[in-house]
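Okay, structure first, notes after.
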There are 2 protein chains.
Amino acid sequence: MIPRTDADELTEQPRIPLSRRRVLRAAVRLADRDGLDSLTMRRLAQEVGVEAMSLYHHVANKDAVFDGLVEVVLGEIMAAVEEVEAPSPDEDWQGALRARILAAREVLLRHRWAPRVLETRASTSPIFIAHVDHIVALLRAGGFSYELAHRALHVLGSRALGFTQELFQPDDAQSTDAAAAAMMEQMAEQFPNLVGMLADAVHDDPDGTLGFCDDQFEFEFALDLILEGLERRRTAGS
Amino acid sequence: MIPRTDADELTEQPRIPLSRRRVLRAAVRLADRDGLDSLTMRRLAQEVGVEAMSLYHHVANKDAVFDGLVEVVLGEIMAAVEEVEAPSPDEDWQGALRARILAAREVLLRHRWAPRVLETRASTSPIFIAHVDHIVALLRAGGFSYELAHRALHVLGSRALGFTQELFQPDDAQSTDAAAAAMMEQMAEQFPNLVGMLADAVHDDPDGTLGFCDDQFEFEFALDLILEGLERRRTAGS
DNA sequence: ACCTGAACACCGTTCAAGT
DNA sequence: ACCTGAACACCGTTCAAGT
């Protein structure tokens with residue numbers, strides 16, 4: 001082993017200390033390069049130049065690594081989406097939404113593993129909820145009722161956001177009216193559009209033991225919209 | 001241990017021998033009950049009442065189990081789709097396709113793990129290809145050009161079929177014109193509609209080094225169709 | 001405080017051995 | 001021919017020990 005002098009200690013970058021941030025960036029790099037299945041704790045440790053067990057001082061476990069991955073990707077999506085030049089939604093909601101969606105898609109194309117990870121854990125992320133809140137605001141500015149904005153989210157589904165069909169599956173704890181109301185109040189300030197939309201949906205369906213969304217109804221609404229659009233293309237083409 | 005008599009041997013069902021079919025049915029049962037992540041070779045063996053290593057006499061490895069799972073689910077989808085009462089596509093292609101898609105959806109709702117498995121391996125399955133071929137036939141009967149039928153498959157994407165956005169990503173071996181032609185000839189008899197559609201797509205894009213489908217183009221086509229449909233709903237509602 | 005090695009309970013899979 | 005136990009190379013994770 002090469003002996004260290006004091007001089008070394010002063011000049012040499014004294015090996016950046018491990019951190020959650022550094023672990024997550026390495027995880028993204030590894031997933032991008034070798035795929036999600038190659039992302040093991042042992043290989044991740046190797047990637048940051050440390051023993052596997054050291055990771056556990058910065059992330060609780062492997063699940064937390066996936067959560068971090070989601071955080072990173074959603075952050076990139078938000079950055080891309082905010083940078084994009086888009087028309088004002090008051091004048092051209094279609095152009096505004098289109099630009100946002102295409103920008104989000106570009107990020108996902110850079111991280112092919114992302115949809116698989118987002119699908120299972122995006123919907124609880126504040127960043128993701130903020131993104132959806134923003135889309136609802138955009139649709140409202142474009143003249144959508146809350147109800148149609150709600151439908152629109154389902155139709156766009158995984159396509160729009162790159163993932164996750166089931167946005168608001170309330171878990172059991174939140175499916176009681178009281179809990180839902182409490183949650184909504186808490187979120188109202190941060191996500192006014194989303195909360196408005198949910199309040200509207202609850203209002204329309206007061207015996208909402210089914211939860212906010214009737215999946216079958218939403219599926220058929222989206223399907224019919226698509227079939228109708230195709231029929232229009234067909235008659236236009238012939 | 002209870003001694004066996006010859007009488008036992010005659011009356012007793014002598015423990016059904018293990019078979020690929022029995023292994024796969026157990027795999028479906030296990031995935032339905034405990035989720036896909038609980039499907040391990042060791043637990044699967046336990047489910048059929050055997051040691052883990054015995055499975056390998058009936059399936060090559062775990063990957064082959066997943067392939068079998070896809071086979072089973074696609075079989076159920078085909079059965080459901082064939083049973084469904086639907087209008088004739090010549091008279092009402094929308095109704096015909098709608099009925100098929102909703103029938104397929106019902107199967108997928110019974111197997112919540114299915115989309116995740118289908119996404120990665122459905123597109124190479126003959127059953128799946130036959131399903132797509134049938135949809136193309138239906139669209140053609142409804143008056144679609146091959147080109148629009150092709151677009152329609154992309155728009156419906158995972159929604160229609162319950163999964164898989166990328167239907168025809170040709171691997172490198174098939175991306176040469178010669179190989180593609182050979183494959184198409186081989187498939188022409190079995191899947192005439194699909195092959196007709198692909199031939200048409202190749203014809204339109206003779207310098208097809210990009211492969212059959214331009215993902216970005218298809219994505220934007222679908223997105224615009226959806227945005228337009230939403231705009232129509234919006235103006236209708238106000 | 002941060003990092004580590006040994007260890008544990010799990011994987012998928014191979015192989016030689018049993019019937 | 002079909003089934004099995006021991007073994008191997010991998011996992012995620014715990015824990016006691018190092019600095």
Side-chain angles (χ1 to χ4, degrees), chain A residues 1-6 8-9 12-28 30-31 33-70 113 116-117 120-121, chain B residues 1-6 8-9 12-28 30-31 33-70 113 116-117 120-121:
Chain A
M1 197 191 244
I2 298 164
R4 265 185 177 235
T5 68
D6 284 354
D8 280 337
E9 295 239 323
E12 200 184 72
Q13 195 83 309
R15 166 131 111 275
I16 334 155
L18 201 51
S19 68
R20 180 180 137 85
R21 201 181 137 65
R22 220 151 72 76
V23 168
L24 293 182
R25 281 196 318 182
V28 170
L30 199 57
R33 195 206 312 139
D34 300 334
L36 205 58
D37 293 333
S38 299
L39 179 56
T40 69
M41 294 302 272
R42 283 171 163 92
R43 292 184 59 153
L44 179 52
Q46 196 182 322
E47 183 78 15
V48 293
V50 96
E51 294 302 310
M53 309 321 144
S54 305
L55 299 175
Y56 287 85
H57 288 272
H58 301 97
V59 292
N61 50 34
K62 191 172 183 183
D63 221 58
V65 173
F66 285 130
D67 286 343
L69 247 31
V70 168
W113 46 269
R116 231 196 327 157
V117 169
T120 56
R121 48 233 303 161
Chain B
M1 196 192 244
I2 298 164
R4 265 184 176 237
T5 67
D6 283 355
D8 280 337
E9 296 238 323
E12 198 185 72
Q13 196 83 308
R15 167 131 107 274
I16 335 155
L18 200 51
S19 69
R20 178 179 138 87
R21 200 182 137 65
R22 219 152 72 77
V23 169
L24 294 183
R25 280 196 318 182
V28 170
L30 200 57
R33 194 206 313 139
D34 300 334
L36 205 57
D37 292 334
S38 299
L39 179 56
T40 69
M41 294 303 271
R42 283 171 161 92
R43 292 183 59 154
L44 179 54
Q46 197 182 320
E47 182 79 16
V48 292
V50 96
E51 294 302 311
M53 310 320 144
S54 304
L55 298 175
Y56 287 85
H57 288 273
H58 301 95
V59 292
N61 49 33
K62 192 173 184 184
D63 220 58
V65 174
F66 285 130
D67 287 342
L69 247 31
V70 168
W113 45 268
R116 222 181 354 141
V117 170
T120 55
R121 47 231 306 158

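Every chain is numbered from 1, with letters handed out A, B, ... down the list of sequences. Keep in mind that this is a model prediction, so the values were computed, not measured.
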Rounded at 0.5 Å granularity, tell me how far CZ in F66(A) sits from CG in L36(A).
5.0 Å
M53(B) CE to dA7(D) P, in whole Å, measures 13 Å
Okay, side chain of R20(B), backbone of G68(B): is any donor-acceptor separation there less than 3.5 Å?
no
Taking atom P of dC11(D) as reference, at what distance in whole Å does atom CG of D37(B) sit?
17 Å
Contact nearer the 5' end of DNA chain C, comparing Y56(B) with A52(A):
A52(A)
Let's test this: given Watson-Crick or G-U wobble pairing with both distances under 3.5 Å, identify the partner of dA16(D).
dT4(C)
When you get a sec, tell me which of dT13(C), dT13(D), dC3(D) is the closest nucleotide to the side chain of L18(B)?
dC3(D)
Between dC3(C), dT4(D), dT13(C), spot the one nearest the side chain of M41(B), thanks.
dT13(C)
Atom pair distance, as rounded to whole Å: CZ in R42(A) and C1' in dT4(C)
13 Å
In whole Å, I'd like the distance from the CD atom of E51(B) to the P atom of dT19(C).
15 Å
Between dG12(C) (P) and L44(B) (CG): distance, integer Å
9 Å
Would you sort out whether W113(A) and D34(A) count as a side chain to side chain contact (heavy atoms under 4.5 Å, CB included), showing the intermediate values?
CA-CA 10 Å; W113(A) 46 269; D34(A) 300 334; over 6 Å; no
Residue H58(A), side-chain atoms from C-beta onward, closest of dT13(C), dC3(D), dC3(C):
dC3(C)
Counting side-chain heavy atoms from CB outward, which of dT4(D), dC3(C), dT13(D) is closest to V50(A)?
dC3(C)
With a 4.0 Å cut-off on heavy atoms, is T40(A) in touch with a base, just the backbone sugar-phosphate, or nothing at all?
sugar-phosphate
Could you check how far CZ of R20(A) sits from C1' of dC2(C), rounded to whole Å?
18 Å
N/O (side chain, S54(B)) to phosphate O (OP1/OP2, dT4(D)) under 4.0 Å
yes
First encountered from the 5' end of DNA chain D, between R43(A) and H57(A):
R43(A)
Hey, are the side chains of Q46(B) and L30(B) touching, using non-hydrogen atoms and a 4.5 Å cut-off?
no
Please round to the nearest 0.5 Å and tell me the distance separating atom CG of L55(B) and atom NZ of K62(B).
11.5 Å
Could you state the NZ-P distance from K62(A) to dC11(C), rounded to the nearest angstrom?
15 Å
Side chain of N61(A) - closest among dG5(C), dC3(D), dT13(D)
dT13(D)
Rounded off to whole Å, could you give me the CD-to-P distance for the Q46(B) and dC10(C) pair?
12 Å
